[in-house]
Q: 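There's a structure below that I have some questions on.
In this chain, residues are counted from 1 in sequence order. All ligand and atom numbering here is 1-based and tracks the order in the structure.
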Amino acid sequence: MVKRLNPFFSWKIFSGRAPQNGPLVISGPCSAESEQQLLSTVRAISSENRVHAIRAGIWKPRTRPDSFEGIGAPALSWLTMAGKQSGLPTMTEVANALHVEQALNAGVDMLWIGARTTVNPFFVQEIADALKGVDVPVFVKNPIHPEIGLWLGAIERLEKVGIVDVAAIHRGFYAHRINPFRNDPKWEMSIELRAERPDIPIICDPSHISGKRDYIAEVSQTALDLQLDGLMIESHINPEKALSDAEQQLRPHQLNQILSSLIVRDEDITDVATVQRLEQLRGIIDQIDQQLVEVIGRRKEIVELIGEVKKENNVAILQFHRWFEILKNRTEQAEALGIDGQFVNELYHLIHKFSIDIQQQMMVKKEFGSIYLGDPEGSSIQQP
Ligand code: PEP
Ligand code: MN
């Protein structure tokens, strides 16, 4: 059985204490609130040796004014004290050059750039400039909207000033309406980042994806199954009383319980019977996919015939009642077969966009681009 080698194992800061197979685990409170809160949380989460680094927010980027914005510089000594007592490296979020200077002077071991900072190249460059000539590991959270370029750009800005140990944190993406998570995981974004930069370790922040304690185990397991290299999970000695992100922080025993139940699955299969069974099933999938593409091709031919009829008779491309009927009917059909209705609903938005594009090109014969009706989440053409 072959397990993926954890890239953090070779990072100097962990001096071989990061796991060789299995996830790096960073934990600690969303915010450092008091010396007692931070030290007691860290004591409890480090007792079972499942945590490899300590996090705590000192300066908190809050969406609305009048929220708790962190203790600021006075809390830095609590964090370094927590590091000394636990023997674990510490990390905090920096959003400008002053944060960098104060965190490094206090002896914080690693830094991360938050999602609201990664979106702004000026801020990232300011941080990078402050780090010139400094040997400190830096983690870059994904920007709040799913733009891979900004995420890569922040990593590159750090590399250009000489930061050697850079990692990415996948914390999910803002979504206007997302259920049940606080942030849309969009797992494909970390897969894309890995494809672009296979050399950069990626960890997952299931706390900010989930927004709720109850989902953290599931999101963490998915992250491991997608071969991410670690987890940053918020924990608090008394989450109900937390000054920020109260609903998503875990009690130390809950953290330990989740960490002990995570399964690290193998990257490659070497067992002959398993390989054969998978090959057989994948052969069937290949045949079904071939049929699926053929069916889409047949549908396209009919879409073109309909387009001709509409053009000859001056009929508009879109009839809403027909579109709503298709959506409702196909979704119900899917659900009757035990297929997720939302999935089929989204699939039909895509199929319908394709049909409209074809007919639009037949009508206007110009490159006007698509009159695509918007995101499947969009409100204007939701199922009635
Ligand atoms: C945090 O980690 O507490 C935080 C503010 O995260 P993000 O930048 O992902 O919102
Ligand atoms: Mn938080």
Side-chain angles (χ1 to χ4, degrees), residues 24-33 37-38 41-42 45 51 53-65 67-72 75-76 79 82 90-96 99-100 103 108 110-120 123-124 127 137-147 150-151 154-155 167-175 178 181-187 189-190 193 202-213 215-216 219-220 223 228 230-251 255:
L24 180 87
V25 178
I26 301 168
S27 190
C30 177
S31 310
E33 299 168 3
Q37 168 253 7
L38 184 57
T41 304
V42 171
I45 61 173
V51 172
I54 301 298
R55 65 151 279 156
I58 304 286
W59 301 277
K60 298 301 299 175
R62 305 307 301 278
T63 306
R64 310 286 290 268
S67 311
F68 172 67
E69 293 186 323
I71 298 285
L76 285 166
L79 183 54
T90 55
M91 69 191 291
T92 197
E93 172 173 351
V94 290
N96 59 40
H99 294 166
V100 171
V108 174
M110 302 188 282
L111 306 174
W112 85 80
I113 299 181
R116 290 170 191 76
T117 305
T118 310
V119 289
N120 189 324
F123 294 158
V124 175
I127 293 168
V138 185
F139 289 66
V140 181
K141 287 205 175 194
N142 64 255
I144 45 183
H145 67 279
E147 187 177 349
L150 279 174
W151 203 1
I155 291 168
I169 306 178
H170 180 147
R171 52 80 78 196
F173 300 86
Y174 174 78
I178 202 73
F181 299 130
R182 174 179 175 186
N183 284 294
D184 185 349
K186 289 195 182 299
W187 294 108
M189 296 299 291
S190 58
L193 184 73
I202 309 175
I203 68 169
C204 177
D205 169 350
S207 304
H208 289 87
I209 290 177
S210 305
K212 289 211 163 39
R213 273 180 280 287
Y215 306 137
I216 290 176
V219 174
S220 302
L228 297 198
L231 300 166
M232 180 197 254
I233 304 181
E234 288 184 343
S235 52
H236 193 293
I237 195 73
N238 189 1
E240 284 75 19
K241 290 269 160 62
L243 299 180
S244 58
D245 291 350
E247 287 186 31
Q248 71 192 30
Q249 301 200 61
L250 296 175
R251 287 184 180 282
L255 175 78

Q: Run the numbers on His208 and Glu234 for side-chain hydrogen bond (donor to acceptor under 3.5 Å, both in side chains), then give the verdict.
A: CA-CA 9 Å; His208 289 87; Glu234 288 184 343; 3.2 Å; yes

Q: Give yes if a backbone or side-chain nitrogen or oxygen of Met232 is under 3.5 Å from a nitrogen or oxygen of ligand 1, and no if not.
A: no

Q: Which atoms from ligand 1 have a heavy atom of Gly114 less than 4.0 Å away?
A: 8 (O)

Q: Of all the atoms in ligand 1, which lie at a distance below 4.0 Å from a heavy atom belonging to Arg116?
A: 10 (O)

Q: So, the side chain of Thr90 versus the backbone of Val108: is there a donor-acceptor pair under 3.5 Å, distance only?
A: no

Q: So, Gln249 side chain and Ala242 main chain: donor-acceptor pair closer than 3.5 Å or not?
A: no

Q: Between Ser235 (side chain) and Gly28 (backbone), is there a donor-acceptor pair under 3.5 Å?
A: yes

Q: How are the rings of Trp187 and His170 set relative to one another: parallel (under 30°), tilted (30 to 60°) or perpendicular (over 60°)?
A: tilted

Q: Among all protein heavy atoms in this structure, tell me which lies nearest to atom 8 (O) of ligand 1, with the distance rounded to 0.1 Å.
A: Ala115 N, 2.8 Å

Q: What protein heavy atom sits nearest atom 6 (O) of ligand 1, and how far off is it?
A: Lys141 NZ, 2.8 Å

Q: Among Arg171, Lys60, Arg182, which residue satisfies the salt bridge (Lys or Arg N to Asp or Glu O under 4.0 Å) criterion with Asp245?
A: Arg182

Q: Quick one: which ligand 1 atoms are inside 4.0 Å of a heavy atom on Cys30?
A: 3 (O)

Q: Examine ligand 1 and decide if any of its atoms is less than 4.0 Å from a heavy atom belonging to Lys60.
A: yes

Q: Considering Glu93, Glu234, His208, Arg171 one by one, which has a heavy atom nearer to atom 10 (O) of ligand 1 than any of the others?
A: Arg171

Q: If we only consider heavy atoms of Gly57, is any one of them less than 4.0 Å away from an atom in ligand 1?
A: no

Q: Using distance alone, decide if ligand 1 has a nitrogen or oxygen within less than 3.5 Å of any nitrogen or oxygen in Arg55.
A: yes

